[in-house]
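Beneath this line is the structure, given in structure tokens, with notes to follow.
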Amino acid sequence: MKKIIFSLFFAALFIFGCTKFDEYGSENYGSGPTVEITVSSIRDSSFVVNIAPASGVKYYSYWIVASSSEVEIVAQNLLKTAYAGSVSVDATEKPSITVTYDKALPFTAYQIYAVASTDKGVIGEVSHGSVKTTDGETPVALDFDYDSKAPESLTVTFSEIVSRGEGTVSITLYKRWDLANPETIELDEESILVEGDVVTVLLPDSLPGIYFAVSWAAGAFVDAVNNPTPAENSGFNSSSGQFFGIYGRIPTVAFAVESENVVVESPFFSDWEAFEAELTFDFAIYPNAAAKNGAIKVVYSNAAKSTAFNFALANWTVAGQSLKFGLPEAPQLLDSIGFSISEGVFFDVYGNPNAAYAPSAAVWCYRNDYRKEDFIGNFLFTYGSQYEDPADIFDGGSLSIEENPDVENGVILKNFYLGEDAEDIEATYDITSGKLLIPDLSVIGLAEDEGTTYLLATYNMETNGPIEFVLNSDKTLVCASMFGIVAADPDTGDLLGYWDKLVNATFTPEAPAARLKSLKSVKRQSHGLNIEKISARKSMKR
């Protein structure tokens with residue numbers, strides 16, 4: 001070819017009148033390099049091909065195609081990879097190449113073609129080889145892959161291309177704390193996806209923390225000539241404590257600890273050594289033996305300070321459906337008690353950990369022992385008024401609280417607010433919480449203002465519930481409700497308006513012949529009657 005080009009060149013020079021020529025020498029490039037094709041490791045769905053061109057090669061290409069007979073190949077087209085699936089190789093980087101063709105079909109003929117060229121562009125003849133795969137191997141599972149970041153499925157790679165057979169495919173589910181009682185589910189066909197030599201198994205939904213093992217019966221998958229896969233029996237070995245076969249675990253999800261899980265029969269307690277906090281759940285829980293000291297904290301708080309105590313593992317117990325703990329030392333009187341729990345202190349049966357928990361407010365309060373006698377006796381009634389200077393404290397007079405034998409935990413208030421003109425008021429006490437409970441709309445008695453007689457009654461300004469007086473450590477009973485005195489029509493009972501709105505209403509135990517000093521005289525006139533009307537509970541019955 002080069003000779004022809006040179007001859008044409010000199011002929012052109014001659015035609016255009018050139019009379020002087022340079023000497024030149026011709027080159028013979030031969031018939032081009034050869035390529036040796038070697039086939040080995042022939043199996044049902046794979047074989048190995050080695051492509052080894054002769055020395056001096058710059059590029060070479062090869063093509064593997066399923067065909068029962070040899071086809072005519074154009075060397076230049078093969079070198080340029082014009083055939084779909086053909087591959088070009090730079091010989092300076094890879095003087096030879098070994099290819100594992102692992103997508104073959106069983107009992108199928110394949111043709112292999114290769115060609116090479118020198119750095120001068122001289123192309124050799126196409127080399128040819130052929131191979132026929134076998135059809136006697138049983139397809140087997142080589143490995144599996146489960147990614148916890150994509151926990152919806154796992155994949156199993158087989159030794160050759162397979163399709164769905166007749167055998168069942170199942171998944172066995174194991175609970176972290178109940179491994180001896182697994183549940184086996186036969187998967188439906190929609191959960192088994194087969195593509196080439198990879199089978200994808202879709203896992204059941206909504207099972208965080210579950211361990212699973214995938215099994216199948218013999219013949220669940222077959223190769224192209226119906227060779228069946230052997231049975232796969234995956235599961236858990238109780239002797240070794242290990243899973244075997246094809247298995248994994250769906251990632252855990254922390255479950256919330258809610259305020260409803262905290263058992264609070266009464267927020268008040270007096271015996272700190274007998275006190276026991278309890279959290280209960282609708283399911284069994286299991287302790288985390290790896291939890292660290294301080295995973296549970298209890299906090300004592302009062303107006304002056306808060307003190308946190310780190311619990312050691314021995315300070316709390318998990319059994320059945322509850323967690324319990326006591327107190328590390330005696331609280332101060334009126335201390336509020338709260339607690340917090342770190343994530344992963346205990347688990348559900350699947351091994352999901354608890355989420356961290358910290359209540360927004362204290363749960364319990366430490367008080368003295370309450371006695372019935374604390375709610376009975378003579379008391380001095382004092383209060384302030386929202387209609388007056390908040391610093392003013394009014395003398396509400398003496399009252400007595402007597403036991404009411406006809407009512408369980410019942411008492412009778414005498415001389416309340418109106419002195420000797422007051423009607424008796426029936427109330428109750430709660431010895432557990434330390435509260436005196438005066439019913440809403442209890443009749444106090446008659447009072448006159450500017451010539452008009454009114455019927456006065458107690459009134460809870462927040463709810464329809466009773467008006468609560470809380471027993472303090474100094475034995476005073478202090479109102480914890482929004483406490484109003486309302487005026488009503490004596491004949492109809494219709495509420496007309498507020499007579500007074502009390503603040504800091506207090507019953508103080510009265511020692512014999514003792515009176516509190518510097519108190520203003522009680523005012524019996526109304527405060528804002530017929531000006532500030534009452535919008536709810538507009539009538540009452542005597």
Side-chain angles (χ1 to χ4, degrees), residues 148 175-178 208-210 249-370 430 432-435 468 470 472-473 480:
S148 61
K175 301 172 183 177
R176 170 66 181 86
W177 298 101
D178 190 17
I210 201 81
R249 187 187 190 188
I250 296 176
T252 59
V253 176
F255 61 90
V257 179
E258 308 287 355
S259 58
E260 291 78 8
N261 296 122
V262 184
V263 178
V264 184
E265 294 181 358
S266 170
F268 304 101
F269 68 96
S270 57
D271 187 349
W272 73 270
E273 292 178 301
F275 173 86
E276 184 176 65
E278 181 178 11
L279 283 74
T280 62
F281 298 85
D282 296 332
F283 47 85
I285 58 174
Y286 303 85
N288 182 359
K292 298 180 180 179
N293 293 340
I296 296 180
K297 292 182 173 65
V298 65
V299 180
Y300 297 175
S301 58
N302 52 47
K305 64 176 182 178
S306 291
T307 305
F309 299 90
N310 290 331
F311 273 7
L313 299 181
N315 296 132
W316 51 273
T317 58
V318 171
Q321 296 179 216
S322 68
L323 177 149
K324 298 179 181 180
F325 60 87
L327 297 181
E329 63 180 52
Q332 296 183 33
L333 193 63
L334 301 182
D335 265 357
S336 295
I337 310 298
F339 70 97
S340 64
I341 301 177
S342 300
E343 181 175 341
V345 173
F346 49 91
F347 304 102
D348 66 9
V349 70
Y350 301 103
N352 296 301
N354 67 282
Y357 172 76
S360 58
V363 183
W364 299 279
C365 183
Y366 178 61
R367 296 178 180 272
N368 280 339
D369 287 326
Y370 299 121
D430 182 350
T432 302
S433 63
K435 293 180 180 180
E468 298 183 357
V470 177
N472 285 330
S473 57

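Values in this document were obtained by computation on a predicted structure and should not be read as measured data. The basis for the numbers below is simple: all heavy atoms, side chains too, and nothing from hydrogens, waters or symmetry mates.
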Is the backbone of [Y] close enough, under 3.5 Å, to the side chain of [X] for a donor and an acceptor to pair up by distance?
X      : Y      : answer
Gln321 : Phe281 : yes
Asn352 : Val253 : yes
Asn354 : Val345 : yes
Ser342 : Ala295 : yes
Arg249 : Gly209 : yes
Asp335 : Tyr300 : no

Checklist line | Residue from Leu327, Val363, Val299 passing side-chain contact (heavy atoms from CB on, under 4.5 Å) with Ile337 | finding: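 That would be Leu327.
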Notebook entry, point to check: Would Phe309 and Phe325 satisfy ring pair (Phe, Tyr, Trp, His ring centres under 6.0 Å), going step by step from the backbone distance to the final call?
Noted result: CA-CA 12 Å; Phe309 299 90; Phe325 60 87; over 10 Å; no
Item checked: Within 6.0 angstrom of Phe311 CZ, more than 12 heavy atoms from elsewhere ->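 Yes, enclosed.
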Supply the atom-to-atom distance [X] [atom1] to [Y] [atom2], rounded to the nearest 0.5 angstrom.
X      : Y      : atom1 : atom2 : answer
Glu276 : Asp271 : CD    : CG    : 12.0 Å
Ile285 : Phe347 : CD1   : CZ    : 11.5 Å
Thr307 : Lys297 : OG1   : NZ    : 14.0 Å

Are the side chains of [X] and [Y] in touch, meaning some heavy atoms are under 4.5 Å apart?
X      : Y      : answer
Asn315 : Val298 : no
Glu265 : Glu278 : no
Arg176 : Tyr350 : no
Phe346 : Trp316 : no
Ser270 : Phe268 : no
Asn310 : Asn293 : no
Cys365 : Pro267 : no

Check: What is the ring orientation for Phe275 with Phe269, classed by angle as parallel under 30°, tilted 30 to 60°, or perpendicular over 60°?
Finding: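 Phe275 vs Phe269 ring planes: tilted.
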Nearest heavy atoms of [X] and [Y], plus distance in Å:
X      : Y      : value
Pro331 : Trp272 : CD-CB, 3.5 Å
Ser306 : Ser301 : OG-CB, 3.2 Å
Gly351 : Thr252 : O-CG2, 3.6 Å
Trp364 : Val263 : CZ2-O, 4.0 Å
Ile250 : Pro208 : CG2-CA, 3.9 Å
Leu313 : Ala289 : CD1-O, 4.2 Å

Check: Can you list the steps and then say if Val318 with Tyr286 is a side-chain contact (heavy atoms from CB on, under 4.5 Å)?
Finding: CA-CA 6 Å; Val318 171; Tyr286 303 85; 5.5 Å; no
